[in-house]
There are 2 protein chains.
Amino acid sequence: MAQRKSPSRPRSAAAPRPRDAEQTRAEILHAARVLFATRGYANAGMREIAAAAGITPALVVRYFGSKRDLFVAAIESDIALGPFLGPDRATVGRHIARHFFSKPVREVDTLSILLHAAGQPEVCDLATELLATRVIQPLARWLGPPRAEARASLVLAIISGTWLFRQALPMRAFAGGPDTSLASCLAAQIQHVVDGLPEP
Amino acid sequence: MAQRKSPSRPRSAAAPRPRDAEQTRAEILHAARVLFATRGYANAGMREIAAAAGITPALVVRYFGSKRDLFVAAIESDIALGPFLGPDRATVGRHIARHFFSKPVREVDTLSILLHAAGQPEVCDLATELLATRVIQPLARWLGPPRAEARASLVLAIISGTWLFRQALPMRAFAGGPDTSLASCLAAQIQHVVDGLPEP
DNA sequence: GCTAGAAGTCAACAGCCGTTTACAAAAAAC
DNA sequence: GTTTTTTGTAAACGGCTGTTGACTTCTAGC
């Protein structure tokens, strides 16, 4: 019953983590992305991230320097809006809406990490810059005139508002799947912006 | 030069706050609303709120019990969407958009307080409940069929997404006034939902 | 086998947080 | 004029945070 502690090698139960720096670094990064995306920057503690990666908080700072630098590393992967920016403009609204409402509520993606940085003074400037250059600009280029940037901003606002009530401030009305009335309304709404709004 | 400290009444400089419980309570509440709306629940500290009200953190606790109770008191005032829910459905989109982009970026209103509670585990359930009962439900009733609740939710999502990039994650594209291209796009967008979306 | 260095743990630091307790002063009641 | 109640301050508490330095333990090179 009592755990035997042999003097030479105490690897009786719970094998003592093979020492692989590269994999450990990857596990820290994965844990950080999960927690930053689900709990937000402020509410994801270093101890919690370290525990999720199966190591010690001190090791997290040895690998990444500081919590802010860890956040920078966590958002450095690309935001995948490539699949939506294809040639089929007529159905892109439906595709985005389906993608959005198909995935589980607590999905881990870079967009969630960025939006969850709202109001955190240490990192929200990083998030805004990344959203502007990696989301708004390509989207505006794909949408084209008239008023490309305004329409791209509005698409992002619609998606982010939906994200807000689905992930961060979870409301029952937004919790459903891709076949709900809300999802189809979102699809029509995005499509309307993509098609070009009527002139005022 | 040295401050005289007369034994009977030391009110030489900086008159020692007249003791008015009602006004002090109101000042605490005002400071709390300002800071909850601008910095969010987590980033607005009790010491900061107390300093803004010109008193001591201990007094805040004596008046409101705890930080969470102070938050509850801060969101208890009504959310003013009455002005928009009049009979003129044809221009409501423009009115909401104008109202939204006319006010300064760091406006103090209950909607900002509620949205800034996103991701704060202690208070986000309060915010979601209030948004559901005080915003979505009346809005859905005003919009009417078809798909009233979905359309109301979408209006809130659009407005909140815009708020997100104007207040909490401030992006340059959303910082302008009511005459920008983005504002007119937002107006058209909201109007489109109010008018009723095309069936899928 | 021995040793240098990498990989990881441990305990502590300083700083902030919300909250509490003990106490001072002003106003009100008697 | 004295006592009691209200209004406010001062200082500390325990707990949490990101971060640090000293210390082990494993592994690779000779």
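In what follows, chains are A, B, ... by sequence order, proteins preceding strands, each numbered from 1. Keep in mind that this is a model prediction, so the values were computed, not measured.
- Rounded to a whole Å, the CD atom of B/E22 is 17 Å from the C1' atom of D/dG8.
- For the OP1/OP2 pair of D/dG8 and a distance below 4.0 Å, the side-chain nitrogens and oxygens of B/T24 include at least one atom meeting the criterion.
- To the nearest angstrom, P of C/dA25 lies 21 Å from CG of B/D20.
- In this structure, of D/dT20, D/dT7, D/dT19, it is D/dT7 that holds the atom nearest to the side chain of B/R62.
- Computed from coordinates, the A/Y41 OH to D/dT17 P distance equals 13 Å when rounded to whole Å.
- For B/D125 and B/T128, the side-chain atoms include no donor-acceptor pair closer than 3.5 Å.
- For A/T56, taking side-chain heavy atoms from C-beta onward, the closest of the listed nucleotides C/dA12, C/dC10, D/dA12 is C/dC10.
- Distances from the side chain of A/V61 to the nucleotides D/dT20, C/dT19, D/dT7 place D/dT20 closest.
- Comparing C/dT20, D/dT19, C/dT9 against the side chain of A/L59 picks out C/dT9 as the nearest.
- Listed nucleotides: C/dA7, C/dT19, D/dT20. Nearest to the side chain of A/R19: C/dA7.
- With rounding to whole Å, A/D69 atom CG is found 11 Å from D/dT20 atom P.
- If you check every strand for non-hydrogen atoms under 4.0 Å, A/A44 touches sugar and phosphate atoms only.
- Between A/L131 and A/L115 the shortest side-chain heavy-atom distance falls below 4.5 Å.
- Proximity note for A/A21 (side chain, C-beta onward) versus C/dA7, C/dT19, D/dG8: the nearest is C/dA7.
- Distance, A/F64 CZ to C/dG8 P: 12 Å, rounded to whole Å.
- Ion pairing between a basic and an acidic side chain is recognised when a charged N comes within 4.0 Å of a carboxylate O; A/E122 and A/K67 show no such pairing.
- Distances shorter than 4.0 Å separate none of the side-chain N or O atoms of A/Y63 from OP1 or OP2 on C/dA7.
- The distance between atom CZ of B/F36 and atom P of C/dG18, rounded to the nearest whole Å, is 9 Å.
- In this structure, the NZ atom of B/K67 is 17 Å from the C1' atom of C/dT20, given to the nearest Å.
- Computed from coordinates, the B/I55 CD1 to D/dT9 C1' distance equals 10 Å when rounded to whole Å.
- Under the 3.5 Å distance criterion, with hydrogens and angles disregarded, a donor-acceptor pair is assigned to the side chains of B/R33 and B/S77.
- Within a 6.0 Å radius of CZ in A/R172, other residues, nucleotides and ligands contribute 12 heavy atoms or fewer.
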